[in-house]
Structure formats: C-alpha cells, structure tokens
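Here is the structure we will look at, set down as structure tokens.
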Amino acid sequence: MESTTLGGTTGVPAAPPDPRGPGWSVGVDVGGTKVLAALLDPAGRVARTHRAATRPGPDGLVDVVTTAVRALTRAHGVPVERLAGTGVGVPGVVDPVTGTVEHAVNVGVAQPFALAAAVASVLGPAARVRVENDLNAAVLGAAHTVEPGATARDVAFLALGTGVAAGLLLDGTLRRGSHRAAGEVGHLTLVPGGLPCKCGQAGCIEQYASGSALDAAWPSPDARPAPVALLDAADAGDARAVAVRDRFVGAVAVAVRVLVLTCDVDRVVVGGGVSQLGTRLLDPLRAELAREAAASPFLASLGVTDRVHLAPRDVPVAAVGAALVGRGEHV
C-alpha cells in the first residue's frame with residue numbers, strides 16, 4: 001500500500017517557494033519493510049511525504065524508489081527535471097561516488113548493484129541521483145532537524161532497531177571509515193561470553209540494546225510492540241521486567257558513552273523503532289547517564305546527559321538526510 005501526504009516543516013521559516021523553481025529535492029529512505037520518501041523545498045522544509053512497502057531485489061528497489069519520486073513531484077507540481085537531485089538512503093555497503101550498493105541483504109541486494117545509475121535511467125536524462133548508507137543519511141537529517149537553525153557539525157545518530165549502529169557527522173563531514181564501517185558500535189563487546197551475535201561474536205551491545213533484543217527478552221503477549229509491553233510491565237512492578245528494562249537502558253547508555261568518548265559529538269540523537277517510546281526511553285536513559293556521571297568527575301565534566309536527544313517523531317529524518325545528499329550538500 002502506498003500513500004502520499006503533505007509533510008510538516010523542519011522549522012525553517014520562509015515564504016512558500018515556487019514549485020517550478022530550482023532547489024527542490026527528494027530523499028528516499030529504504031528500509032527492510034517500508035520506504036519513506038520526502039520532498040524538500042529549497043528552504044529545507046518537508047513539503048510532502050510518501051510511504052510504501054519495500055520491494056526487495058534490484059528491480060524492486062528501482063521501481064519503488066522511482067515510483068516514490070514521481071508520486072511526490074506529481075502531487076506537488078514539481079517537474080522531475082527541475083529537482084536539484086534525488087538521494088536514496090539504503091542499508092548495506094554503499095559507494096557514494098559510484099552509487100553502488102552491496103551487502104544490503106535486508107532489501108534483497110547481495111552483489112554490487114549500481115542503484116544510482118539504474119534509478120537515473122528510469123527518471124530521465126536530467127535526473128541527478130546519489131546514494132548513501134541509510135545511517136549516514138539519517139545523521140544528516142538529524143543534524144538538519146534537531147534544534148532547527150542551529151549549526152550542528154558534530155552529531156551521532158544512534159539507531160536502535162533490529163540492530164544497533166550509528167551514523168557520524170564530524171566537523172560537518174560524514175565519517176564513513178576506511179572500510180565504511182564507522183559507527184558499528186553495536187558490535188562492541190558488552191558482556192564477555194554473553195549472548196551470541198549474528199556477527200560471530202558473543203555479548204555484543206546489539207544483543208542487549210536493540211529492538212530485536214527486547215523482542216527476544218520480552219515477547220509481547222498481545223498486539224503491543226515488545227518495548228511497550230516491557231515498560232508497561234516494569235511500571236506495574238514486575239521484577240523481571242524491571243531487570244530487563246534496566247539491562248536494556250544500561251546497554252544503550254554504554255553505546256551513548258562510547259560515541260561521546262570516542263568522537264566527542266555535541267549530540268547523540270537516538271532514533272530507530274525503539275525511539276518511538278519517547279520520554280519513556282529518554283528519561284531513564286538520561287537518569288542512567290546521570291548516575292554514571294555522579295560516580296565519575298571525568299564523565300560529569302563532559303555533560304554526557306545533556307547531549308542526548310530523541311529524533312523528532314514528526315520528521316522523517318533519514319528521508320530528509322537523503323534529500324540533502326541528493327541535492328549535493330554532502331558528498
């Protein structure tokens with residue numbers, strides 16, 4: 001099922017721009033189950049969004065991405081050829097120079113696939129298409145939308161979803177890493193000899209701080225998401241639920257602390273599916289960070305607690321970041 005709706009704003013005040021003018025861009029965030037796209041106006045505001053189910057495999061990805069772009073531009077009256085660019089954020093190993101994707105098994109792409117070229121060939125000869133890793137796109141969107149108007153140059157986007165990983169914006173530049181593995185904090189060992197991880201290690205942070213970890217530790221007895229069911233049980237005084245919750249919050253705090261201590265980012269923006277808990281996650285996370293800082297003058301001096309924010313719930317940050325990539329603001 002597909003849907004296209006008017007979007008919110010990113011807090012940048014401006015007069016309504018001419019849809020026929022330059023500067024518009026589209027960002028498409030491709031996930032394992034859904035695709036969320038956003039049309040950005042020249043001032044960087046979300047004008048319209050589009051949601052659809054992911055179609056895995058090279059042909060499916062090209063179809064769902066190009067359909068999203070055309071749906072947004074057609075609904076808002078922006079000619080495709082007038083777009084400053086289209087950006088696609090996708091999980092896996094991405095070469096942003098060639099626009100090639102590989103090891104994106106969650107979306108059905110295992111071998112190298114020239115996604116940017118394939119999308120551009122469908123959209124037309126004037127199309128400018130760029131591809132970026134989904135977490136790199138998300139950190140760009142987070143920097144653009146958290147505290148709008150501020151200059152955010154050192155930001156980490158910590159995604160708590162099926163796994164745990166971070167996108168890094170350092171001194172205004174994406175940090176991809178020499179092997180494009182920067183930000184893989186989920187595979188740092190938290191519990192030596194602990195729960196087995198799909199990466200082949202044991203006791204990884206991902207096994208304790210992810211949405212899938214909560215699904216395994218506290219299966220929901222009804223239609224509620226596992227994180228919600230867990231916190232409801234903990235709030236009701238269930239001792240085992242309290243233990244699982246505290247272990248989860250402690251693991252997330254470790255990931256935050258690692259990002260601050262290794263990269264000294266101004267902000268750690270927590271996103272991903274688990275972040276939808278809102279203050280039910282943020283409050284205990286900040287309390288745990290404050291407890292740790294109370295025992296360490298060094299941590300206290302860094303003000304880690306104040307650096308943690310939640311991704312805005314009403315803004316598709318990864319799609320926004322992909323649109324910024326599409327218009328060439330970050331290469």
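Here, residue 1 is the first one in the sequence, and each next residue gets the next number. All values below were derived from every heavy atom in this structure, side-chain atoms included, with hydrogens, water molecules and symmetry-related copies excluded.
The backbone N or O of A213 sits less than 3.5 Å from a side-chain atom of S210, completing a donor-acceptor pair. Between the side chain of T279 and the backbone N or O of L282 there is no donor-acceptor pair closer than 3.5 Å. With H144 contributing its side chain and G321 its backbone, the two residues share no donor-acceptor pair below 3.5 Å. At least one donor-acceptor pair under 3.5 Å links the side chain of Y208 to the backbone N or O of L195. With hydrogens and angles ignored, the 3.5 Å screen pairs no side-chain donor or acceptor of R307 with any backbone N or O of D266. A donor-acceptor contact shorter than 3.5 Å links the side chain of D154 to the backbone of D171. No side-chain donor-acceptor contact under 3.5 Å links S220 to the backbone of A226. Remark: side-chain polar atoms of T54 are paired, donor with acceptor, to backbone N or O of K34 under 3.5 angstrom. With hydrogens and angles disregarded, no donor-acceptor distance shorter than 3.5 Å links the side chain of N136 to the backbone of R176.
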* R180 vs D95, side-chain contact (heavy atoms from CB on, under 4.5 Å): CA-CA, chis, key distance, verdict -> CA-CA 9 Å; R180 303 192 187 100; D95 186 331; 3.6 Å; yes
* To do: Starting from the C-alpha separation in whole Å, work towards a yes-or-no answer on side-chain contact (heavy atoms from CB on, under 4.5 Å) for W24 and L39.
  => CA-CA 7 Å; W24 293 80; L39 175 69; 3.7 Å; yes
* To do: Given side-chain contact (heavy atoms from CB on, under 4.5 Å), test L169 with R175 step by step and report yes or no.
  => CA-CA 6 Å; L169 184 69; R175 176 57 181 167; over 6 Å; no
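The pair R267-D306 does not meet the salt-bridge criterion, since no charged nitrogen lies less than 4.0 angstrom from a carboxylate oxygen. Comment: R224 engages D232 in a salt bridge, judged by a side-chain N to carboxylate O separation of less than 4.0 angstrom.
Following chains of ILVMFWY side-chain contacts shorter than 4.5 Å, one can reach L214 starting from L310, so the two form part of one hydrophobic cluster. Under the 4.5 Å side-chain heavy-atom criterion for ILVMFWY residues, a single connected hydrophobic cluster contains both V274 and V270.
By the salt bridge (Lys or Arg N to Asp or Glu O under 4.0 Å) test, D283 is found to be paired with no residue, residues two or more places apart in sequence or in another chain being considered. The side chain to side chain donor-acceptor pair (under 3.5 Å) test applied to D29 returns no partner, not counting sequence neighbours.
Pairs engaging residues 183-208 under the salt bridge (charged side-chain N to carboxylate O under 4.0 Å, His left out) rule: none recorded [sequence neighbours left out].
Partner of V155 under the side chain to side chain contact (heavy atoms under 4.5 Å, CB included) criterion, chosen from V269, V265, L168: V269.
The CG atom of L259 sits 11.5 Å away from atom CG of D264, with the distance rounded to the nearest 0.5 Å.
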